[in-house]
Amino acid sequence: MLDIKQKNLCYNCDQTYTSGHRCKNRTLYMIMSEAEEAEITEQPDPIESTHLIDLSSPPKVSLNTISGFLPSSTFILQGHTQSQLLHILIDTGPTALPPPRSITHSIQLKPTAIPKKFPPYRYPHVQKTEIETIVKELIFSGLIQHSQSPSPFILVFFDDILVYSKTLDQHYTHLSTVLGLLRQHKLYAKPSKCTFGSPHIEYLGHIITVGGVSVDPSKITARVEWSTPKHLKSLRGFLGLTGYYRKFIKGYGTISRPLTDLLKKDSFTWTEAASSAFTALKSAMTTAPVLRLPDFTLPFVIETDASSKGFGANLMHEGRPLD
């Protein structure tokens, strides 16, 4: 017996004993004892009792039985009624819900504690913090400078300058301001690469018009003609190119899920599901909608959806998604 205890074994089945252990072959033991025969004496007439058991009330069922949880205090017996095999539970579990408490489903924090919450970002929180630290160092050293744009009608991305206006007359004024700044700082623009007064312009792989923002068809050709990936590097390249336009594709994360699963370690095995996702993603790129530009005079509507494979949200004006 001492050897069994030292090895942490069950006393009944000789298996390793852990919390919640149940023997595979359970045995019900019954202890019987024979009492000595006592003298039979004449019993007095029974006295009628006013405290009788009320059999009209329904029997109470344990909450453990309803939930399927069988604690150590529950016995399972087999019985028969009208030739039907039954499992009889003898339980001492609770028959009612616990009493109300002052605090329910909450964690008490210290008076000076701050709720731990992190807003969602495109990058993990740790990477976001590191990026912010590097940017602050670059700004402090002078390698990066704050924008000196005189007005919100100018958008600069490296050597690309975009000037947008609501009317043609307003556009003349905006262009005069921008060209004056270039002349002031002795900066030059190549005429063959400039477009003035155009209602249709290509900018950073997008087509911007009065109707909204759409993908550049010339940039989609490479995505559509992409051959079936044979290795992980090719798959990463395809997802990187299509991911640039993911805001145009409804349910991009759900469609590309079989492909992104292949990026896991030792998981690159091209399957039928991956092939279907690859074809569906290329098809979605060719039918990308035109995103509407935001109008702050109109109400904004957020449409959300979720499933077991992903979740997403759209910011819209009058039923059209916004850029």
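- Note: Leu239 CG to Leu263 CG = 5.5 Å, rounded to the nearest 0.5 Å.
- Residues Leu162 and Ile208 are in side-chain contact: their nearest non-hydrogen atoms beyond the backbone lie under 4.5 Å apart.
- For the pair Phe153 and Val178, the minimum side-chain heavy-atom distance is below 4.5 Å.
- Put simply, Leu181 and Tyr172 are part of two different groups of oily side chains (I, L, V, M, F, W, Y) that touch within less than 4.5 Å, one to the next.
- Residues Leu204 and Ile201 share a single hydrophobic cluster, defined by chaining ILVMFWY side chains whose heavy atoms lie under 4.5 Å apart.
- Shown here are the salt bridge (charged side-chain N to carboxylate O under 4.0 Å, His left out) partners of Glu225, two or more places apart in sequence or in another chain: there are none.
- Between Ile154 and Tyr164, the closest side-chain pair of non-hydrogen atoms is not below 4.5 Å.
- No donor-acceptor pair under 3.5 Å is formed between the side chain of Thr279 and the backbone N or O of Ser276.
- The distance from atom CG of Leu179 to atom CG of Leu187, rounded to the nearest 0.5 Å, is 11.5 Å.
- Rounding to the nearest 0.5 angstrom, the gap separating the NZ atom in Lys264 from the CG atom in Leu232 is 13.0 Å.
- Rounded to the nearest 0.5 Å, atoms OG1 (Thr297) and NE2 (His317) are 7.0 Å apart.
- Alongside Val301, the hydrophobic cluster contains Met316 (criterion: ILVMFWY side chains under 4.5 Å).
- Proximity of a side-chain donor or acceptor of Glu202 to a complementary backbone N or O of Gly205 within less than 3.5 Å is detected.
- With contacts defined as side-chain heavy-atom distances shorter than 4.5 Å, the pair Val215/His206 does not qualify.
- With His231 contributing its side chain and Ser234 its backbone, the two residues share a donor-acceptor pair below 3.5 Å.
- For the atom pair Ser227 OG and Phe238 CZ, the distance stands at 10.0 Å (nearest 0.5 Å).
- Applying the side chain to side chain donor-acceptor pair (under 3.5 Å) test to pairs two or more places apart or on separate chains, those with a residue in residues 235-258 are Thr242-Tyr252, Lys247-Asp323, Arg257-Asp261.
- A chain of hydrophobic side-chain contacts below 4.5 Å, direct or via other Ile, Leu, Val, Met, Phe, Trp or Tyr residues, connects Phe268 to Leu281.
- Sorted by first then second residue, the side chain to side chain donor-acceptor pair (under 3.5 Å) pairs that include residues 282-294, not counting sequence neighbours, are Arg292-Glu318.
- Val224 and Trp226 fall within a single hydrophobic cluster, where Ile, Leu, Val, Met, Phe, Trp and Tyr side chains are chained together by heavy-atom contacts under 4.5 Å.
- In this structure, Trp270 and Leu259 have side chains that are in contact, with non-hydrogen atoms separated by less than 4.5 Å.
- Think of Tyr188 as one node in a network of Ile, Leu, Val, Met, Phe, Trp and Tyr side chains linked at under 4.5 Å; it has no links at all.
- Leu298 and Val213 are members of different hydrophobic clusters when ILVMFWY side chains are connected at heavy-atom separations under 4.5 Å.
- A salt bridge is absent between Lys136 and Glu132; no separation between the charged side-chain nitrogens and carboxylate oxygens falls under 4.0 Å.
- Side-chain contact check for His174 versus Gln170: some heavy-atom pair is nearer than 4.5 Å.
- For Ser218 and Asp216, the side-chain atoms include at least one donor-acceptor pair closer than 3.5 Å.
- Remark: the His200 side chain and the Thr209 side chain contain no N/O donor-acceptor pair separated by less than 3.5 Å.
- Through side-chain heavy atoms spaced under 4.5 Å, either directly or across other Ile, Leu, Val, Met, Phe, Trp or Tyr residues, Leu315 is tied to Phe296, Phe300, Ile302, Leu322.
- In this structure, the side chains of Phe248 and Val290 stay at 4.5 Å or more apart for every pair of heavy atoms.
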